[in-house]
Amino acid sequence: MAMLNTKKEYAMERDGKDPLAVFRPRFAVPENTIYMDGNSLGLFSHDAAAEVLRVVDEWKQLGIRGWMEGNPPWFHYSEDTGAMAAKIVGASEDEVVLTGATTTNLHALCGSFFAPQGAKRKILADELTFPSDIYALGGLLKSRGLDPETDLVLTRSKDGKTLDEDDIVRLMTPETALVLLPSVLYRSGQLLDIAGLTEEAHKRDIPIGFDCSHSAGVVEHRFDDWDVDFAFWCSYKYMNGGPGATALLYVNRRNFGVAPALPGWFGYNKERQFDMDLSFEPSGNAGAWQISTPTLFSSAGVRGALKVTLEAGISQIRQKSLELTEYMMYLIEEELIKPGYGFGIATPREANRRGGHVALTHVKEAVRVNEALKKRGIIPDFRTPDIIRLAPVPLYCTFEDVWNVVMATKDIMDTGEYLRFSDKRQTVA
Ligand SMILES: *Cc1c(COP(=O)(O)O)cnc(C)c1O
């Protein structure tokens, strides 16, 4: 974009023309804070809180009658909210359900789609993915009497930051029984080519699923068009559902007949769930992958916040996200990537290869720069070994925020302010 420039007035001008600016008051931005950590925990959403309080009040007013008389009935709350969420991931209504937690859903889904047969018994993942996913896949293999040392194949990264899709495809062999990949890498922010990888997996008859925790709510997905087999994601990052909020999962309708690996009574055919029959009859849609009674209070925040995302529109959100990250990377290049500064950008520059955050690297002082930013009321986060993640979230961040963050970072370097902080990272960075 030729017309970008480094003056503050320019940022303010962009904010003045921003169609999503109206959504910022729908969130509580802590006082004197520039919040760049919505990729880790989305900010308090007034709509989320209102829905939580509404459901709490239903409990107060209705007691057990809430299961059928709530609005929507609690009995259908997970499916009903899943149907809303389907719109932001390009799925039909019965392919998405609000349930469980991210890693639990990984177990439930990967366990169902992993059907090792003879030599075809390996799971393909990557070495940059979120560690929980690797722990879970290792456990899954062991539970089937297999050995993660040989049967969990991890695609290696050449630069320690990004993955090459061709390397992943090369590892899809006749021995691969399942592929699980992240949509967006949690450190560098690289967005993988979900459509292309799915096509390659299917050419080889391998089921493929995606962990979309780092993309849901900020990147557009078209799961049905891309024909992915399954996906799951958390709701407390760009979806603003609140800390530890209930997660979501997607199952392609082609796979509705697959037997859930961790069956539970809430995955039962809803019409007959209360017959209490001892033989499991799955619901015949994504709802079959539920296990337990819905966690209503943790679900309500997701539903409330989802209304904001739907109102704003996921394509408008993605558009603004790309503009904010483009602008941020431009400013970083202009102001911070200079001899003697030690900064770099680990995030791919191409719009179709990046998610919602920018990974600013520093050769030596990422921890201290991160701490110095926090001291100034700017909230990024540090990820080992050298990354400061900056997520300008479209629903509540501004171009001026981006400008302030980059200029503050420059000032922290110029004045040596970072030297006043410890280089030991905190427990929760
Ligand atoms: C945040 C995140 C998770 C979180 O897992 P939980 O089970 O919700 O704690 C999992 N995978 C990825 C890629 C994430 O970014």
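Along the sequence shown, residues carry numbers from 1. These values consider heavy atoms only, across backbone and side chains, with no hydrogens, waters or symmetry-generated copies. In listed order, ligands and their atoms are each counted from 1. Quick caveat, the model's predicted, so the values are computed rather than measured.
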Undergrad: More than 12 non-hydrogen atoms from neighbouring residues, nucleotides or ligands closer than 6.0 Å to CD on Glu350, yes or no?
TA: yes
Undergrad: Please evaluate residues His202 and Asp229 with respect to the criterion side chain to side chain donor-acceptor pair (under 3.5 Å), reporting the C-alpha separation (whole Å), side-chain torsions for both, the decisive distance (0.1 Å), and the verdict.
TA: CA-CA 9 Å; His202 287 170; Asp229 286 287; 2.7 Å; yes
Undergrad: Tell me the side chain to side chain donor-acceptor pair (under 3.5 Å) pairs involving residues 86-102, sequence neighbours left out?
TA: Ser92-Glu95, Ser92-Arg253, Asp94-Arg253
Undergrad: Hey, which of Tyr77, Trp59, Trp74 is the one that makes ring-ring contact (aromatic ring centres under 6.0 Å, His included) with Phe297?
TA: Trp59
Undergrad: Tell me, please, which residues at least two apart from Tyr35 pass ring-ring contact (aromatic ring centres under 6.0 Å, His included).
TA: none
Undergrad: Under a 4.0 Å heavy-atom cut-off, which residues neighbour ligand 1?
TA: Thr102, Thr103, Phe130, Asp133, Asp211, Ser213, His214, Tyr236, Lys237
Undergrad: Is there any side chain to side chain donor-acceptor pair (under 3.5 Å) pair reaching into residues 129-142, and which pairs are they, with sequence neighbours excluded?
TA: Thr103-Ser132
